[in-house]
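A short worksheet on the structure shown next.
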Amino acid sequence: MATSSFIEPIFENDEDAFQSGFAVPGEDRGPAVVAIDIGTTFSGYALSFKEDKFSIFAMSTTDPDRPQSGTRETKVPTTLLLKPDGSFHSFGHKAFEHYNRELDDSEQKTWYYFERFKMKLHVQKKLTKKTTVAAANGREMPVRTVFSHALRFFKRASIADCRKIFRAELRSSDTTWVITVPAIWDGGAKQIMREAAYEVCYAMKTDSRIE
């Protein structure tokens, strides 16, 4: 199983890291920007507080196949696992591990395991709200729903990491959420991603805190 993600500082040099004082816990960091990148093979997120916009903190995890190496990864595999009823189970290394190593053949037939689902928005020319993407076992799920689950995972992970590392809350009123999209995508693909983001961010509009 993959270890819990945490936020790793990225600085040009050690002096910048020291002078920033960014890792001091408990301080009020103010407005923040969280950028989420759903890639074809790997995905991740990074955050920065606007008071110190040149100090960027990226998601970091340990490869479960090499736990003793000490190597950190700033992205996880773009793999999503949903339960038979379509509810979220896991994303990244945990999704891969559970589907391929913990579910037997009969169970795999009823779950939804997705890899490289981003390609669906690139290769299919006509996209609608009803456009689906096939899981590894052939079961279909609306592509917008698949992206919503992925975005929600990173939203929750960034919130949890901010609380754990900085003892700070990300609030809808002062957090800017950025989602990267390829420049070559057409309007239909971008609209699918936009609608998936709206679905995830609906709770932000009804509560001052992002839960």
Side-chain angles (χ1 to χ4, degrees), residues 1-5 34 36-45 59 61 64 75-161 170 172 177-182 185-207 209-211:
M1 305 293 285
T3 60
S4 299
S5 63
V34 180
I36 300 173
D37 177 42
I38 306 296
T40 301
T41 308
F42 294 97
S43 300
Y45 70 88
M59 175 183 185
T61 65
K75 289 193 173 184
V76 296
T78 305
T79 52
L80 171 69
L81 181 62
L82 305 180
K83 298 175 183 179
D85 63 0
S87 61
F88 179 83
H89 179 272
S90 52
F91 188 95
H93 290 299
K94 185 176 180 181
F96 177 87
E97 293 286 322
H98 191 82
Y99 182 79
N100 290 286
R101 299 179 182 179
E102 297 184 28
L103 297 181
D104 60 33
D105 291 343
S106 62
E107 290 175 315
Q108 287 184 351
K109 294 179 181 179
T110 62
W111 288 59
Y112 295 87
Y113 178 70
F114 299 95
E115 293 182 312
R116 301 176 66 85
F117 52 84
K118 184 178 180 179
M119 291 299 295
K120 183 73 172 185
L121 298 186
H122 176 58
V123 299
Q124 185 162 332
K125 299 303 180 182
K126 293 184 179 181
L127 297 166
T128 69
K129 294 180 179 179
K130 297 181 180 181
T131 298
T132 61
V133 59
N137 58 11
R139 299 190 72 187
E140 300 269 332
M141 178 75 67
V143 67
R144 186 179 71 174
T145 300
V146 171
F147 273 98
S148 292
H149 279 297
L151 292 174
R152 187 176 294 108
F153 166 79
F154 285 110
K155 184 196 77 170
R156 290 174 174 171
S158 63
I159 292 170
D161 284 345
L170 294 180
S172 59
W177 298 86
V178 179
I179 301 172
T180 63
V181 294
W185 275 9
D186 61 18
K190 292 178 181 178
Q191 181 62 24
I192 291 291
M193 182 67 85
R194 186 178 295 111
E195 291 175 357
Y198 287 156
E199 184 176 320
V200 173
C201 295
Y202 177 77
M204 301 179 192
K205 300 177 183 178
T206 58
D207 195 338
R209 282 175 42 175
I210 308 168
E211 298 296 348

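Every value quoted in this text rests on a predicted model; they were computed, and no experiment measured them.
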Does [X] reach the side chain of [Y], with side-chain heavy atoms less than 4.5 Å apart?
X	Y	value
His149	Leu82	yes
Phe91	Leu81	no
Phe88	Arg152	no
Gln191	Glu195	yes
Lys120	Ile192	no
Phe147	Val200	no

Query raised in the report: Are a donor atom and an acceptor atom from the side chains of Thr78 and Thr41 found within less than 3.5 Å of each other?
Result: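 Thr41 and Thr78 do not have a side-chain donor-acceptor pair below 3.5 Å.
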Report task. Starting at OG of Ser158, measure out to CD1 of Ile36 and round the result to the nearest 0.5 Å. Result ->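 Here the rounded value is 6.0 Å.
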Report task. Might you point out which heavy atoms bring His93 and Thr79 nearest each other, and give the distance in Å? Result ->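 It is N-OG1, 4.5 Å.
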Query - Under 3.5 Å donor-acceptor, Ser148 side chain and Glu199 backbone - result: no
Report task. Hey, can you tell me if Phe114 and Tyr112 have their rings parallel, tilted or perpendicular (30° and 60° cut-offs)? Result -> parallel
Query raised in the report: Would you call the rings of Tyr99 and Tyr113 parallel, tilted or perpendicular if under 30° counts as parallel and over 60° as perpendicular?
Result: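 Aromatic pair Tyr99/Tyr113 classed parallel.
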